[in-house]
Amino acid sequence: MTAATHSTLFPQVPQDADAVLDGLDPEQREVATALHGPVCVLAGAGTGKTRAITHRIAYGVRAGILQPSSVLAVTFTNRAAGEMRGRLRQLGAGGVQARTFHSAALRQLQYFWPKAVGGDLPRLLDRKAQLVADAAARCRIRLERTELRDVTAEIEWAKVTQTVPADYPAAVAKAQRDAPRAPAETGQIYAMYEQLKRERDVLDFEDVLLLTVGILQDRNDIAEQVRRQYQHFVVDEYQDVSPLQQRLLDLWLGDRDTLCVVGDASQTIYSFTGATPDYLLDFRTRHPHATVVKLVRDYRSTPQVVHLANGLLAQARGRAADHRLELVSQRDPGPEPVYTAYGDEPTEAEGTARRIRDLIVAGVPAGEIAVLYRVNAQSEIYEQALADAGVPYQLRGAERFFERQEVREAGAALRSAARFGGNDALLDDVVDLPSQVRAVLSTKGWTTEPPAGSGATRDRWESLAALVRLAEDLARARPDATLAHLVAELDERAAAQHAPTVQGVTLASLHAAKGLEWDAVFVVGLTEGTLPITYAKTDEQIEEERRLLYVGVTRARRHLSLSWALSRSPGGRPNREPSRFLKGLRPGTTAPAARTATTAGHAERGGPAGTGPRRARGPVRCRVCGTTLTASGEMKLMRCEDCPSEMDEGVYERLIDWRARQARLLGQPDYCVFTEKTLMAIAETVPSTDGELAAIPGVGIRKLNRFGTDVLAICAGRQLAADDGDD
């Protein structure tokens, strides 16, 4: 090994404190030397924040101002904590603790539990899903597999926001969350889950923080012991702290202000988990004498990429946008970002794969290229396109499409239906392939309308919807295609994508890409309804979608491509709109006027042109007695179950008969057209206009466009133009 190679693999430890500061830019140096009092570092993407804070700690240690054992550096992932420890060792500050919030709290809990509580610390659950399932069963509530994951996530959100079971329904309404189950039911499961934990003497991940907070609050002697140990705190990614984590940090600090926080409100993309940028944005209010340093020199991306990122945030609205950082690239110029409109999704995937192959031929390593998308279900078409192009790839943060549980289950169901052929009662009177596939997958959770909100249920639906679209595409290309042909196609695709890859193009969701970077980034699927996603309804949710695109853009060092498809499949109507976030950025467009979620247009908010925007989401109140409603069925009816109903029985019966005919035509269960609660709400309100019908929960824009004419005719007592409905 040469001396040069040795120095690259094993960097030389700086000789003294001043040498630690070598190579820092003026703002990074200001961070490194600000060792007293509260410090707030506002650090944009690619500005070297980890370098700044690790040099700050190392400089303090090497100058004798900080004792290594008295410093606790906190971040959010084990990977980030490990990277921080490695850098500190290279700088001669190896004794500093760098941990996640949970890791630091668990160490303290294990140490102090015998003294504070007595006995051994209860066993820590690896996964809480089984216990949540047991709690639901104890409550006599049946949860599907995806519902189980979503309810588990809701319990986690409630705990990190310090919401007790009794307060959960009100907290959901206040936060305008799309709950996977009726809030009252989730609150009931949550309460039983906590009871079962006590009965079985186990703790979950969130309990580690909650119990540490409880001990530090109740035992001042223990709190003082912790404060004597740790006297200086550094918190990275401070925009992602939850209320519970902030409470723990406050208890660690006590009445001291020896705290340095680092963050960027423009990279807040995890609010659905309880993270909030408020603590970062309010830091100077809580600490009026804080030293504030802004890092805006971008060492990652070219001026062309940075210009686009700045332009994206310039159109943002809200509190985080008011504190955005204007980045200044420190790199040599590179190619302009490429904007590409494709005719359909397969063409977009194939075009992306070709451009990636060209980059690899030109010398860009496959491992330095990424394809980023909004939801994991989008990966399948890119997996296929890259496999067809002979380009190796690897998925990050998600299973390969054909390895997902719901896809395997759907494949088994389709294979079984193909074996039985026309003898399957499920497929009676269903002739064409797409309708057969819809009928089979409806038993696995597919519906004509996507479920509300995000989470595992939505992810499962997206995967099944991808299979429905594949059937539609196959039938279009081959009108005589059968279920057997579809199963063969699925097997062929799965086999082509199971080849092991080690070094390849990264396929990842925008959320999974946070904290990473590549030489070339392709952000795909940038259409209205995908980014921003359809279930982003409030102003805050829309702005978080914009920040998600900002995170994707700032992952690129040199090459950046943004693309969208005008239709879903070949030959489809080219009626899709590029993401509103691209207006004013791509050539030939102008920046939009200030928009809010309630004026963003009927395609996103529901309600056709001329009907006006739908109301902003908020607490739903009974239209009879005024009580706040929490059960999903009651919210659809817009009244309490036991409040008097003024339902028009004749309208209701006609709606029931009409729904049955529609369901037979579509080859789907009745509820896929409208649920009974929605029909009851329609029969109670008897709408006379599109706007009145659109205001009823359960009637989205697609159902309004598809069924609205018939429903309004029934409500008006008119004879339908055709009794067999509209397909």
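Note that the numbering runs from 1 along the sequence shown for the chain. Because only heavy atoms are used, hydrogens play no part in the values below, and waters and symmetry mates are left out as well, while side chains stay in.
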Participant: Is the closest basic N to carboxylate O distance between Arg331 and Asp298 below 4.0 Å?
Facilitator: no
Participant: Can you label the angle between the Tyr279 ring and the Tyr238 ring as parallel, tilted or perpendicular, going by 30° and 60°?
Facilitator: tilted
Participant: What distance do Ile542 atom CD1 and Leu531 atom CG have between them, rounded to the nearest 0.5 Å?
Facilitator: 9.5 Å
Participant: Can you find a pair of side-chain heavy atoms, one from Arg219 and one from Phe112, that are under 4.5 Å apart?
Facilitator: no
Participant: Asn310 side chain to His307 main-chain N or O, any donor-acceptor pair under 3.5 Å?
Facilitator: no
Participant: Only counting residues at least two apart or in another chain, list the ones meeting side chain to side chain contact (heavy atoms under 4.5 Å, CB included) with Thr506.
Facilitator: Ala370, Gln394, Arg396, Ala508, Trp518
Participant: Could you tell me whether a side-chain N or O of Gln217 sits under 3.5 Å from a main-chain N or O of Gly214, the two making a donor and an acceptor?
Facilitator: no
Participant: Please state whether the rings of Tyr373 and Tyr382 are parallel, tilted or perpendicular, taking 30° and 60° as the class boundaries.
Facilitator: parallel
Participant: Glu368 and salt bridge (charged side-chain N to carboxylate O under 4.0 Å, His left out): which single residue from Arg555, Arg558, Arg557 fits?
Facilitator: Arg557
Participant: Just do the side chain to side chain contact (heavy atoms under 4.5 Å, CB included) check on Val172 and Glu154 with the steps written out, would you?
Facilitator: CA-CA 9 Å; Val172 166; Glu154 283 299 292; 4.2 Å; yes
Participant: Measure from the side-chain N and O atoms of Thr75 to the backbone N and O of Asp236, and report whether any donor-acceptor pair falls under 3.5 Å.
Facilitator: no
Participant: Stepwise, does the side chain to side chain contact (heavy atoms under 4.5 Å, CB included) test hold for Leu280 with Cys40?
Facilitator: CA-CA 8 Å; Leu280 175 66; Cys40 179; 3.9 Å; yes
Participant: Specify the closest pair of heavy atoms between Leu325 and Asp264, including all atoms of both residues, with the distance to one decimal.
Facilitator: CD1-OD1, 4.2 Å
Participant: If we ignore hydrogens and angles and just use 3.5 Å, is the side chain of Arg300 paired with the main-chain N or O of Ala45 as donor and acceptor?
Facilitator: no
Participant: Does Arg56 use its side chain to pair, donor to acceptor, with the backbone of Ala34 at less than 3.5 Å?
Facilitator: yes
Participant: Could you list all the ring-ring contact (aromatic ring centres under 6.0 Å, His included) pairs where at least one residue sits in residues 49-72, not counting sequence neighbours?
Facilitator: none
Participant: Using a 6.0 Å cut-off, check whether atom OH of Tyr299 has over 12 heavy atoms from anything other than its own residue.
Facilitator: yes
Participant: For Glu544, is there an ion pair with Arg547 - N to carboxylate O distance below 4.0 angstrom?
Facilitator: yes
Participant: Let me see the working for Arg546 and Glu543 under salt bridge (Lys or Arg N to Asp or Glu O under 4.0 Å), right down to the final yes or no.
Facilitator: CA-CA 5 Å; Arg546 188 193 306 276; Glu543 288 306 316; 3.0 Å; yes
Participant: Tell me if a side-chain donor or acceptor on Glu545 pairs with a main-chain N or O of Ile533 at a distance below 3.5 Å.
Facilitator: yes
Participant: Check the pair Gln108, Gln110 against side-chain hydrogen bond (donor to acceptor under 3.5 Å, both in side chains), reporting the backbone distance first and the verdict last.
Facilitator: CA-CA 6 Å; Gln108 294 175 19; Gln110 290 170 329; over 6 Å; no
Participant: Test salt bridge (Lys or Arg N to Asp or Glu O under 4.0 Å) on Asp250 and Arg286; report intermediate values, then the result.
Facilitator: CA-CA 12 Å; Asp250 289 339; Arg286 293 162 52 221; 3.8 Å; yes
Participant: Is there a salt bridge (Lys or Arg N to Asp or Glu O under 4.0 Å) between Glu83 and Arg87? Walk through the geometry before answering.
Facilitator: CA-CA 6 Å; Glu83 179 185 352; Arg87 292 199 190 194; 2.8 Å; yes
Participant: Could you check whether any side-chain N or O of Arg256 sits under 3.5 Å from a backbone N or O of Leu253, counting only pairs where one atom can act as donor and the other as acceptor?
Facilitator: yes
Participant: With Glu27 as reference, evaluate Lys49, Arg297, Arg51 under the salt bridge (charged side-chain N to carboxylate O under 4.0 Å, His left out) test and give the passing residue.
Facilitator: Arg297
Participant: Inspect the surroundings of CD in Gln67 and state if more than 12 heavy atoms from other residues, nucleotides or ligands are less than 6.0 Å away.
Facilitator: no
Participant: For a 4.5 angstrom cut-off between non-hydrogen side-chain atoms, does Arg374 reach Leu549?
Facilitator: no
Participant: Give a yes or no answer on whether the side chain of Thr212 reaches the backbone of Leu109 with a donor-acceptor pair at less than 3.5 Å.
Facilitator: no
